[in-house]
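Some notes on the structure that comes next.
Protein chains get the first letters and strands the later ones, always in sequence-line order, with residue 1 at the start of each. The structure presented is a predicted model; accordingly, all values stated were derived computationally and were not measured.
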Amino acid sequence: MLHLLESRIVAAVSQHILIRYGLSTPVVLEQPRQSSFGEFALPTAFQLARELKKAPRAIAQELVDELPEIEGIRSFEVAGNGYINLRFDRAAFAAAVAAPPPAAPTGGKVLIEHTSINPNKAAHIGHLRNSILGDTFVRMLRAAGRQVNVQNYIDNTGVQVADVVVGFHFLEGKSLEDVRSLIETPRFDYLCWDLYAKVSQRYATDEALKAKRAETLHAIEAGHGVLAEMGALVADKIVNYHLDTMLRLGIVYDALPRESEILHLHFWAAAFELLKERKAIYLETEGKNKGCWVMPGSAFSDHREDEDSKVIVRSNGIVTYVGKDIAYQMWKFGLLGKDFYYRHLRTYADGHPLYVTSASPEGATPGISFSGNERVYNVIDSRQSYLQDVVQAGLRALGHPKEAENSIHFSYEMVALTPRTCGELGIELSDEDRARPYVEVSGRKGLGVKADDLIDKLIAAAQREVDSRNENEPEANRRQVAETIAIGALRYFMLKFTRPTVIAFDFQEALSFTGETGPYIQYAAVRAAKILAKAETSPALPADLGPILEDEELWQSLLAAFRTDTALALAINADEPAHMARYAFQLAQAYSNFYQKFPVLIETNPAKRDFLLWLTAAYRTQLVRTLDLLGIAVPAFM
RNA sequence: GGGGACGUAGCUCAGUUGGAUAGAGCGGCCGCCUCCUAAGCGGCAGGCCGGCAGUUCGAAUCUGCCCGUUCCCA
């Protein structure tokens, strides 16, 4: 609604400036710093001042005198040294906001790929940031009417899986049958976590073991033999663990594209031919990269010379990860001329299916494709930005500038640990590390906080709070509420930081449920629900709003309740879920203020009571909706 | 050596794309439950927006050069 009014103002003012001054200055609307200044401010006079060579204030006065009437706006006035402040027609705004128009679907297919954890060990907090960011952005885009598919890429044939197989087979002498029974034991993913760390450490001193690594990797890539079977068993089982962990956070997927199918369906071979044909890569004939197929450095970076070329195919004929990534990215846009087969893997509780890729039509569901997207978001941490640049350059060199433009590296900084938290976890730090602001999580060193452990710890902390406040509620309900609060706390914590900010993870901070946290926002929604449940009447807007809305505080409360669409548009435009999280907190703050100042149920003026109840319902709706965008549910009680 | 990100209150971070008196949470101090849930609300204290120069009517925001932290590529 607010959004609609904004575009109406922008259109009217731009039109006026074009006619009056013959200028097509972009009109910007701001929210005034002080609410007493009005609902919107136009800094347009400042922008015009330069071109018109007149004082901003004089231009502002001219505009105010001459601007036509705009539906929904009560007044314009000059303020400060040239601002134009706008005030709404309050009753009209309330009436319009009570009956909002439905959002229309827009745009083509969008693909978001997130999570993409190596299937060789349990997920950790760094992975949680990835998944929560990706999932939240999916929710935001869908709410804005976009058609979004969600993928979780599975590198089931990579070195990390190979390392765990090396551990089982060569270090511990386990047979295929041993592993087959081992994967059914509880917390197999934790067992792999430790084994992976152990193998990684061992490589440093054990050359013989390290030699087994390449052998194992080749066997897994080829896809047959005992080592390959063992790798498949491990990877499939760990993927299941990851899916379950993410499901605890309400995160689901549409498809799991796997590296094994990218290999077996020869995606790279098709891409290689195209890259050669379009001269995107060339065969190096001298220097250190002699015999390699390389992409010139100038193709992917303004600051690089051609000598800084990136090797795509090594001189021994082995393709690098970037090469395979280019092929895969081409598939995402439907530029490869190849597709996977898709096999049904599981059905989520809401009935929506999850597919995994397959190399043959046997057992596949016909008529499905996740290829051919218009826009692709890859949620990957910022350490990969160099490689993502190369992938993007690959598309450009192949003659697909539009697809390169629509390849978005949705990057974010890592989650590290504070030295204090390392201490709490019993991780020994060097003096050098202790002096650092944060310590990087490392799977190789087994250094990190496992996702499920963190979730369990959060639930336990929430459970203590819930139990102490709600003795009379049945235990099952209290458990349910504790889980909802824990997930709310975790998701909000991961979302409150903007993407380029390194999160120095600290248990004390993450376990806090007061202040700027998920539970604070949930609490606001619960309080509103309680009032609505206790009220005898159902909320309805009273006929005569005039006198009620003259109360400045009430008017500000009403305004604050209806900024969701504007906030969503801004957050999507900035590719920044943190903006949405921030808005959710501000909405909850606005409601908490309203709650404190205006006791609804004891209000004696009937019209005012109706209005307060109606506004409570409005806040409740907006809070639930905004929290849903963040993937946070509202508990039944708190 | 080259490139990216960051530097804002004691701590952790926002800052709507260059606008009015720089904000929030935590921590500290003071206050508010006879009244819809105190996981809440109000108040106070706390700032050379890393430094210097420049662009602009106007800079935390843009440009250049330094200093510091960090990631990546060699």
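- In this structure, the aromatic ring of Y386(A) is not positioned over the six-membered ring of the base of G4(B) within 5.5 Å between centres and 30° between planes.
- Going from atom CG of D389(A) over to atom C1' of A5(B) covers 13 Å, rounded to whole Å.
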Please write out each protein N/O paired with an N/O of nucleotides 7-17 of chain B under 3.5 Å, distance rounded to 0.1 Å.
unit_1: C13(B); atom_1: OP1; unit_2: V502(A); atom_2: O; d: 3.3
unit_1: A14(B); atom_1: OP1; unit_2: T498(A); atom_2: N; d: 3.0
unit_1: A14(B); atom_1: OP1; unit_2: T498(A); atom_2: OG1; d: 2.2
unit_1: A14(B); atom_1: OP1; unit_2: T501(A); atom_2: OG1; d: 2.4
unit_1: A14(B); atom_1: O2'; unit_2: R582(A); atom_2: NE; d: 3.2

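- Base orientation of C67(B): anti, since the glycosidic angle falls outside 90° of 0.
- Atom CD of E286(A) is surrounded by 12 or fewer heavy atoms from other residues, nucleotides or ligands within 6.0 Å.
- In this structure, L387(A) reaches neither bases nor backbone, as no heavy-atom distance under 4.0 Å exists between it and the strands shown.
- Heavy atoms of Y438(A) sit under 4.0 angstrom from primed sugar atoms or phosphate atoms, though from no base atom.
- Here C26(B) is the nucleotide among C26(B), C71(B), A20(B) with the atom lying nearest to any side-chain atom of T514(A).
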Secondary structure of RNA chain B in dot-bracket form (Watson-Crick or G-U wobble, distances below 3.5 Å, | marking inter-strand pairs): (((((((..((((.....[...)))).(((((.......))))).....(((((..]....)))))))))))).
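- Atom CD of E405(A) has 12 or fewer neighbouring heavy atoms from other residues, nucleotides or ligands inside a 6.0 Å radius.
- Between the OH atom of Y591(A) and the P atom of A39(B) there is a distance of 15 Å, rounded to whole Å.
- For Q589(A) and G25(B), the shortest distance from a side-chain N or O to OP1 or OP2 is below 4.0 Å.
- Regarding K310(A), its NZ atom lies at a distance of 19 Å from the P atom of G3(B), rounded to whole Å.
- Proximity of N593(A) to the phosphate of G40(B): no side-chain N or O atom is located under 4.0 Å from OP1 or OP2.
- Here the P atom of nucleotide A20(B) and the CZ atom of F40(A) are 17 Å apart, to the nearest Å.
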Polar-atom pairs under 3.5 Å, protein N or O versus N or O of nucleotides 32-36 of chain B: list them with distances, or write none.
unit_1: C36(B); atom_1: O3'; unit_2: K534(A); atom_2: NZ; d: 3.2
unit_1: C36(B); atom_1: O2; unit_2: V600(A); atom_2: N; d: 3.4
unit_1: C36(B); atom_1: O2; unit_2: L601(A); atom_2: N; d: 3.3
unit_1: C36(B); atom_1: N3; unit_2: V600(A); atom_2: N; d: 3.1
unit_1: C36(B); atom_1: N4; unit_2: Y595(A); atom_2: O; d: 2.3
unit_1: C36(B); atom_1: N4; unit_2: F598(A); atom_2: O; d: 3.3

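- Within 4.0 Å of A41(A), counting heavy atoms only, lies at least one base atom of the nucleic acid.
- Proximity of Y523(A) to the phosphate of A39(B): a side-chain N or O atom is located under 4.0 Å from OP1 or OP2.
- Counting any heavy atom pair closer than 4.0 Å across all strands shown, N85(A) reaches a base atom.
- Atom CZ of F46(A) is separated from atom C1' of A59(B) by 14 Å (rounded to the nearest Å).
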I would like to know whether Y492(A) and Y520(A) meet ring-ring contact (aromatic ring centres under 6.0 Å, His included); could you show each step before the answer? CA-CA 10 Å; Y492(A) 192 87; Y520(A) 171 89; 9.2 Å; no
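- Between the side chains of Q622(A) and T564(A), at least one donor-acceptor pair of N or O atoms lies under 3.5 Å.
- Counting non-hydrogen atoms under 4.0 angstrom, S385(A) reaches nothing in the nucleic acid.
- Whole-Å rounding puts the Y492(A) OH to A39(B) P distance at 19 Å.
- Atom C1' of nucleotide C72(B) and atom CE of M414(A) are separated by 11 Å, given to the nearest angstrom.
- Rounding to whole angstrom units, CD of residue Q508(A) and P of G27(B) are separated by 10 Å.
- For U16(B), the O4'-C1' to base torsion is more than 90° from 0; the nucleotide is therefore anti.
- Using a 4.0 Å heavy-atom criterion, one finds that S382(A) contacts no nucleic acid atom at all.
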